[in-house]
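Heavy atoms only: backbone and side chains are in, while hydrogens, waters and symmetry mates are out. In what follows, residues are counted from 1 in the order of the sequence shown.
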Amino acid sequence: MSAATKLQAFWNHPAGPKTIHFWAPAFKWGITFANIADMQRPAEKISTPQQCAVTLTGLIWTRYSTQISPINYNLMTVNAFMAVTGLYQLSRKFSYEMSKKEAAA
């Protein structure tokens, strides 16, 4: 298969760049990259409700992206990364809260 044929197939794919099914996940990477950048922030500044929302959104939409036809691998990947980064941030917050309680005791 030539490069032009592959490019045309990508362009005309039901989840290709002519559809929202391509652009929504593409822009959603911004949230994931922001969450990765926040890993440098102190744990006491992590918002638990925000990270719960990021994690649950990631988990729910990862599952959804595998149930639609055609499977949207771009959507699945960005949401899997959202879930993982959210879980990591929640674990940082939990560890911080536990160490704070142990220091107080």
Side-chain angles (χ1 to χ4, degrees):
M1 187 180 277
S2 71
T5 307
K6 287 182 182 180
L7 183 60
Q8 186 177 14
F10 170 70
W11 183 257
N12 292 321
H13 191 272
K18 294 193 300 185
T19 68
I20 190 67
H21 306 293
F22 175 83
W23 292 106
F27 283 102
K28 202 169 191 180
W29 278 107
I31 298 169
T32 302
F33 292 142
N35 216 24
I36 291 169
D38 281 350
M39 290 179 188
Q40 303 301 317
R41 296 179 71 196
E44 65 266 11
K45 296 199 180 230
I46 294 173
S47 168
T48 302
Q50 176 185 351
Q51 293 306 320
C52 285
V54 167
T55 302
L56 288 174
T57 297
L59 293 172
I60 291 166
W61 286 97
T62 297
R63 170 74 174 141
Y64 171 79
S65 66
T66 64
Q67 302 306 302
I68 59 176
S69 181
I71 294 174
N72 190 334
Y73 292 104
N74 189 18
L75 182 65
M76 182 180 67
T77 304
V78 70
N79 283 295
F81 272 88
M82 282 186 72
V84 168
T85 59
L87 285 169
Y88 178 74
Q89 293 288 53
L90 287 170
S91 71
R92 287 183 60 219
K93 181 71 170 188
F94 179 73
S95 295
Y96 168 76
E97 294 294 335
M98 295 308 293
S99 66
K100 194 167 78 169
K101 286 181 183 177
E102 288 174 5

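Counting only heavy atoms from C-beta outward, the side chains of Y96 and K100 approach each other to under 4.5 Å. Contact annotation: the side chain of P14 never approaches that of T19 to less than 4.5 Å [non-hydrogen atoms, C-beta and beyond].
Shown here are the salt bridge (Lys or Arg N to Asp or Glu O under 4.0 Å) partners of K93, two or more places apart in sequence or in another chain: E97.
In this structure, T62 contributes its side chain and A80 its backbone to a donor-acceptor pair below 3.5 Å.
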Exercise. Take T55 and Q89 through the test side-chain contact (heavy atoms from CB on, under 4.5 Å) and record every step on the way to the result.
Key: CA-CA 9 Å; T55 302; Q89 293 288 53; over 6 Å; no

Show your working on side-chain contact (heavy atoms from CB on, under 4.5 Å) between Q51 and N35 and close with a plain yes or no.
CA-CA 9 Å; Q51 293 306 320; N35 216 24; 3.0 Å; yes

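Annotation: the span from N79 atom CG to I60 atom CD1 amounts to 10.0 Å, rounded to 0.5 Å. S2 contributes atom OG, which lies 9.0 Å from atom CD of Q8 (distance to the nearest 0.5 angstrom). For the atom pair OG1 of T77 and NZ of K28, the computed distance is 12.0 Å after rounding to the nearest 0.5 Å.
Scanning all heavy atoms of the two residues, the minimum distance from T57 to M82 falls at CG2-CE, 4.3 Å. Scanning all heavy atoms of the two residues, the minimum distance from P42 to R92 falls at C-NH2, 3.8 Å. For the pair I71 and T66, the tightest heavy-atom approach, listed with the atom from each and the gap, is CG1-O, 3.8 Å. For the pair W23 and P17, the tightest heavy-atom approach, listed with the atom from each and the gap, is NE1-O, 2.6 Å.
For residues 54-88, the set of pairs meeting the ring-ring contact (aromatic ring centres under 6.0 Å, His included) definition, not counting sequence neighbours, comprises W29-F81, W61-Y64.
The hydrophobic clustering, which links ILVMFWY residues whose side-chain heavy atoms are closer than 4.5 Å, places F33 and V54 apart. Tracing side-chain contacts under 4.5 Å through hydrophobic residues (I, L, V, M, F, W, Y), one never reaches I20 starting from L75; they form parts of separate clusters.
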